[in-house]
Each structure stands twice: as structure tokens, then as C-alpha cells.
Participant: 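Structure incoming, see below.
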There are 2 protein chains.
Amino acid sequence: MEAAKRRGAAWLEAGGVRATRQRVALAALLVGDGEHRHVTAESLFETARAHGEKVSLATIYNTLRAFTEAGILREITVDGGKSHFDTDTSNHAHFYWEDTGELADVRERAAAGDVEVRNLPAPPEGARIAGVDVVIRLRRA
Amino acid sequence: MEAAKRRGAAWLEAGGVRATRQRVALAALLVGDGEHRHVTAESLFETARAHGEKVSLATIYNTLRAFTEAGILREITVDGGKSHFDTDTSNHAHFYWEDTGELADVRERAAAGDVEVRNLPAPPEGARIAGVDVVIRLRRA
DNA sequence: TTAAGTGCAAATTATTTGCAGTAAG
DNA sequence: CTTACTGCAAATAATTTGCACTTAA
């Protein structure tokens with residue numbers, strides 16, 4: 001419990017965001033166990049309530065956005081309205097289940113190594129590449 | 001003008017969707033010139049109005065969805081609420097301008113060839129890969 | 001103390017839907 | 001004919017915002 005909060009606080013500090021009561025609670029839920037995870041505003045809201053944390057949905061939205069802007073969360077865009085956020089901010093591919101809307105990391109690596117994007121084009125004049133999103137859409141067989 | 005309609009009609013037929021007046025008009029705008037293009041519901045609506053076509057926004061939405069389900073359009077998901085649709089249904093990478101929300105094909109190929117995703121993982125048990133989306137997010141330098 | 005964060009509820013934005021009328025096969 | 005499509009307006013879903021209040025630094 002305490003380890004989770006400590007980890008969360010360190011994470012907040014890394015992002016240079018103010019450590020309020022609700023942010024510390026959310027941070028603990030997000031990175032408290034050292035595992036990476038994917039959340040949506042709604043899912044994090046449920047989790048928070050389940051843990052007895054008193055945080056409004058609006059604050060969850062504001063907070064997820066603040067964390068993303070601070071660079072400690074990464075927004076993953078897939079179909080289906082909802083925004084997903086990933087505690088792993090490094091470039092990595094995702095599986096997306098089209099039927100349930102669930103998002104999962106591509107953990108298992110193929111025989112030859114990690115998923116990688118080859119032959120990335122040069123960015124157009126006056127632009128830089130902010131990131132590369134790779135989403136593998138899955139359908140039940 | 002006629003060539004555009006002919007092309008549009010053929011395209012509709014390829015998808016096996018009913019050729020109504022508004023669909024033929026939209027198809028002509030989408031693929032009439034043989035070029036691929038990206039549209040949003042809103043942008044297609046504007047284009048249609050600009051060409052004097054009488055089509056409601058709701059129908060644009062329904063139609064884009066119908067075309068996508070028929071496999072003659074591909075939905076591209078990027079940040080920012082709006083859904084984009086691409087007349088090029090093949091797997092190909094996109095540039096996404098974060099500031100304007102514009103979408104562009106990666107046309108220019110790097111020295112070594114086309115953009116490609118290497119070491120694609122095997123899909124989880126009971127799933128098949130429905131598609132792979134590669135979005136290169138661009139920020140003004 | 002003071003700028004930033006929080007929580008409502010109301011507002012926005014993108015998209016879908018119910019249903020009566022219209023048209024394609 | 002008959003089923004699918006169209007258009008409007010109303011409904012929904014996700015997210016944002018205005019504003020008075022609280023709190024971290």
C-alpha cells in the first residue's frame with residue numbers, strides 16, 4: 001500500500017505535476033505495482049471507486065490529460081470512441097480486440113524479435129515525428 | 001462528369017451496395033477521379049454541398065459506415081474524435097498532423113522501400129489479424 | 001498567499017437512431 | 001410490391017468547460 005503510494009508519488013514527480021490527494025491515489029492505482037497497464041477514463045473511475053477513492057469523473061478526465069501532457073502517460077487511439085491511456089510511454093505495438101474494445105500489449109515476440117516498423121519515411125518538410133502508433137486489430141476467428 | 005459517375009457506380013457494385021441517388025453522388029466524389037482520398041463525415045458533407053448535391057449529414061454517416069462494412073472504404077482511427085475514411089483499403093501507413101487533424105498517405109518511399117511492419121506477432125489463440133494500422137504522428141518542428 | 005486542482009452540472013462534439021416518407025430491385 | 005435508404009429531429013456517448021470552492025507549494 002505504502003510502496004504503491006511511494007511509487008506513484010515518484011512517478012508524479014517525474015512528470016513534474018502537482019501531487020494532489022486524488023492524483024496520488026490515481027497514480028498509485030496506475031503504477032503502484034510497477035506493472036504497466038491500459039485504462040480508459042471510465043475504467044479508471046470504476047477502479048478508483050472500487051478502492052474507495054473519492055474522485056470525480058471530470059477530474060479523471062482532466063488528470064489523464066494532464067498526465068499525458070506531462071509525458072508520463074501515453075494516449076493510444078483505436079476505434080470506438082473511447083480514449084485509452086497506457087502507462088508504458090515507449091513506442092510499442094498494441095493488439096486491439098475489435099469486438100470488446102480491449103487493448104493489450106504485444107508482449108510475446110516473434111521468432112525474429114520485436115515488432116518494428118521498417119523504412120520509416122522522412123517526415124515532411126518542417127515536421128518531426130512525434131511518435132509511431134502500431135495497432136494490430138484482432139477479430140475472433 | 002459521366003466518367004466519374006461510371007467509376008462510382010462500378011465501385012458501389014464492387015461493394016455490393018445498393019446504388020441510390022445519394023450514394024452514386026458520394027461515390028463519384030470519392031472515387032470518380034480515380035485518385036484515393038481521405039474524408040471525414042463533415043468534410044464529405046461540405047464537398048457534397050459545394051457540388052450542389054442534396055444529401056443529409058445523417059445519410060453521410062450511414063453511408064460511410066455502409067461503405068466501410070462493404071469493404072470499399074477503410075476507417076482510419078487517429079486522435080481527435082473524428083473518424084477518417086480512406087478510399088485506399090490496402091494496408092498502408094499514414095501521416096497524421098497533430099495540430100490540424102489532417103491525414104495524409106505516406107507516399108514517398110524511403111531509400112530502402114515501402115514502410116513495413118516487421119516481426120508481426122502471431123495473433124492470440126482464437127483470433128485472426130483483421131488489419132494493421134500504422135500512424136506516424138507529426139508535429140510542426 | 002496564490003496559482004493550480006477539484007467537482008459538480010451544463011455545454012460541446014461526433015455520431016447514432018426512431019420513424020415516416022421515398023425509391024430501388 | 002417490398003425491403004432498404006433517406007432525412008429530419010431527438011437521443012446518446014465521450015469528453016470538456018465554467019465557476020465557486022479547496023488545497024498544495
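Please read all numbers here as calculations on a predicted model, not as lab measurements. Protein chains get the first letters and strands the later ones, always in sequence-line order, with residue 1 at the start of each.
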Participant: Is it true that, when you exclude B/Arg49 itself, more than 12 heavy atoms of the residues, nucleotides or ligands shown sit nearer than 6.0 Å to its CZ?
Facilitator: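 Atom CZ in B/Arg49 is not packed in, count stays at 12 or less.
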Participant: Classify every nucleotide of nucleotides 9-21 of chain C by which part a protein heavy atom approaches to under 4.0 Å, writing B for the base, S for the sugar-phosphate alone and - for neither, in 5'-to-3' order.
Facilitator: -----SBBB----
Participant: Do B/Arg137 and B/Trp97 form a cation-pi contact, if we require the NZ or CZ to be under 6.0 Å from the six-membered ring centre and within 45 degrees of the ring's axis?
Facilitator: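 Not flagged: B/Arg137 not positioned over aromatic ring of B/Trp97.
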Participant: May I ask you to say what A/Ala19 touches in the nucleic acid, namely base, sugar-phosphate or nothing, with a heavy-atom cut-off under 4.0 Å?
Facilitator: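 Touches sugar-phosphate only.
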Participant: Could you state the interatomic distance from CZ (A/Phe85) to CD1 (A/Ile72), rounded to the nearest 0.5 Å?
Facilitator: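 CD1 of A/Ile72 is found 12.0 Å from CZ of A/Phe85.
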Participant: Let me know the distance between CG of A/Leu12 and C1' of C/dA4, rounded to the nearest Å.
Facilitator: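 Whole-Å distance recorded here is 15 Å.
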Participant: For D/dT6 and B/Thr59 - does any side-chain N or O of the residue sit under 4.0 Å from the phosphate oxygens OP1/OP2?
Facilitator: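 Looking at the OP1 and OP2 atoms of D/dT6, neither is under 4.0 Å from any side-chain N or O of B/Thr59.
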Participant: Separation of B/Glu69 atom CD from D/dA4 atom P, in whole Å?
Facilitator: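 After rounding, the gap between these two atoms is 14 Å.
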Participant: Within this structure, what is the CZ-to-P distance between B/Arg21 and C/dG25, rounded to whole angstrom?
Facilitator: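 B/Arg21 atom CZ is separated from C/dG25 atom P by 14 Å.
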Participant: When you measure from the centre of the six-membered ring of B/Trp11, is the NZ or CZ of B/Arg23 closer than 6.0 Å and no more than 45° off the axis?
Facilitator: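 Checked: cation-pi criterion not met.
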Participant: Does OP1 or OP2 of C/dG5 have a side-chain N or O of A/Arg23 closer than 4.0 Å?
Facilitator: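 Affirmative; the distance criterion is met.
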Participant: Under 4.0 Å between a side-chain N/O of A/Gln22 and OP1 or OP2 of D/dT23, yes or no?
Facilitator: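 No.
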Participant: Can you tell me how far apart NE2 (A/His92) and CG (A/Asp105) are? Round to the nearest 0.5 Å.
Facilitator: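 Rounded to the nearest 0.5 Å, the NE2-CG separation comes to 4.0 Å.
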Participant: Can you identify which nucleotide, out of C/dA24, C/dT6, D/dG7, has its nearest atom closest to the B/Thr20 side chain?
Facilitator: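 For B/Thr20, the side-chain atoms sit closest to C/dA24.
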Participant: Starting at atom CG of A/Leu64, determine the distance to atom C1' of C/dT6, rounded to an integer number of angstrom.
Facilitator: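 The answer, rounded to whole Å, is 14 Å.
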Participant: To the nearest Å, how far apart are B/Arg18 CZ and D/dA4 C1'?
Facilitator: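 My rounded result for the distance is 4 Å.
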Participant: Which is it for B/Arg139 and B/Asp99 under the salt bridge (Lys or Arg N to Asp or Glu O under 4.0 Å) test, yes or no, and what are the steps along the way?
Facilitator: CA-CA 7 Å; B/Arg139 207 163 285 173; B/Asp99 54 353; over 6 Å; no
Participant: Calculate the interatomic distance between B/Glu13 atom CD and C/dA24 atom P; express it in whole Å.
Facilitator: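 These atoms are roughly 16 Å apart.
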Participant: Verify the neighbour count for atom CD of A/Glu46: are there more than 12 heavy atoms of other residues, nucleotides or ligands below 6.0 Å?
Facilitator: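 Yes - once you tally the heavy atoms of other residues, nucleotides and ligands closer than 6.0 Å, there are more than 12.
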